[in-house]
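Both ligands and their constituent atoms are indexed starting at 1 by order of listing. Values below: every heavy atom of this structure, side chains too, minus hydrogens, waters and symmetry copies. Bear in mind that the values here come from a model prediction, so they are computed numbers and not experimental data.
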Amino acid sequence: MKLNSTFKCIAGIFLLCLSTLITSGQEEKSWNADIKIVERLSKDGPLFNYYENKVPSFTLPEALVSQKGIKIVTPDLWNTVRRPEILELFRKNVFGRVPDSKYTETFKLLSIDKNALDGKATKKEVEIRIESDGKSLTFNLIIFSPNNIKQPVPAFLLIDPWFSDGKTPRWNQDNGYWPIKEAIARGYGMAIYDAALLDPDNFDNFKNGIHPILDKGSRPDDAWGTLAAWAWGASRCLDFLITEKSIAHDKIAVVGHSRAGKTALWAGASDTRFALVISNESGAGGAALARRRYGETVARLNSVFPHWFCSNYNKYSNNEDAMPVDMHMLLALVAPRAVYVDCADEDLWGDPHGSYLSLYNAVPVFKLFGKASALPESMPPLNKPVISGNLGFHIRDGAHNLTLKDWNWFMDFADKILK
Ligand code: GTR
């Protein structure tokens, strides 16, 4: 009787352990696209591929071999040889080049509220004015920084092309898109800028916004597009943020959702003053590998958004393998600083798998600096962020959006990197 109950007890413990293992095994299952979503999207958009087994085979350009065939084996070789080369390839072929026209930049404090968020924060509204050869343009930056702080705090700058639609600004809608209260409570400053004021998000032949102010003469095939203009605008916001006493100047993250997620990557790649780059569901032209041709493609970007990239990018419509770069190299340009990429389960248009593979293929560059060890080759499970040194990733359940759930994981990562 006694033996029997001991046996039952041991067997019970064994079964419990086994079931925990099985359950955790299930929980740990690497993410795969839901076949129902794959089928629905394929039906709605038969011109685009959502099936993993139809992704063509491809070879990625080497991040760690220079154009002259030099193997990049030290941080110094990366910084002096390969990084400048890759940056230039992205300027020339993807985002376009900012003209080197002279301009002046001035800041004007439009308002200050030291009692914002029930006294928890100070809110400032700043106008940034750019002037060149008698032409000028202004755009606005809003900053919340926590009150009663002992030392300057890290901050997030959100690039926002949807800042104002005439109604309540999207950032002020308490919907998680720009969670000021939560970020302030966690000791972060929050900044947001109206990118559409800097350059409207439509194809106007570059007649509006910042382009006609800084473009002198005709626009070459590698002239900057709208995403490069927004990224440049993020750097101008940074020029102001580093004058702010409440903000730690070497701890500023640039963040963007979707088209602004593509922009955030370029802003962080081209301006090394950003300590952390967060790219939320940036998809094609952002974190997703172009060569996979999964969901949105280069051709589709060029035809629907002809103002986003430079004219040279058209050369790679339906010709991705000819591109001298792919998006893992854009992420690598952030090294040795930190980069976080995230995707959403239902957003197959933005190729979650291709976005993760980009990060995975950027690891060797971060390794050079001792800033990453490894990432698993297969996608992490749903809602389970993975972090390796200065690299982080998650795939969230739900639709294409920037949510509080995403921000909480961004802040967990930033706690490690910026605090
Ligand atoms: C879509 C576009 C994507 C993404 C998205 C967004 O129409 O195809 O590349 O940028 O817009 O910005 O919300």
(request) Check each of Thr106, Leu141, Leu110 against Glu127 using the side-chain contact (heavy atoms from CB on, under 4.5 Å) test, and report the only one that passes. (result) Leu110

(message) By the definition side-chain contact (heavy atoms from CB on, under 4.5 Å), identify the one residue from His257, His394, Met411 that meets it with Asp406.
(response) His394

(message) So if I only count non-hydrogen atoms and take anything under 4.0 Å from ligand 1, which residues does that give, chain by chain?
(response) Trp162, Ser258, Arg259, Lys262, Glu296, Arg300, Leu301, Phe305, Trp308, Trp349, His400

(request) With sequence neighbours excluded, give me every salt bridge (charged side-chain N to carboxylate O under 4.0 Å, His left out) pair touching residues 343-361. (result) Arg292-Asp351

(request) Flag this pair as yes if the NZ/CZ of Lys419 is under 6.0 angstrom from the six-membered ring centre of Tyr188 and inside a 45 degree cone about the axis; otherwise no. (result) yes

(request) With sequence neighbours excluded, tell me which residues meet side chain to side chain donor-acceptor pair (under 3.5 Å) with Glu88. (result) Arg91, Arg97

(request) Sequence neighbours left out, what passes salt bridge (Lys or Arg N to Asp or Glu O under 4.0 Å) with Arg259? Give chain and number order. (result) Asp201

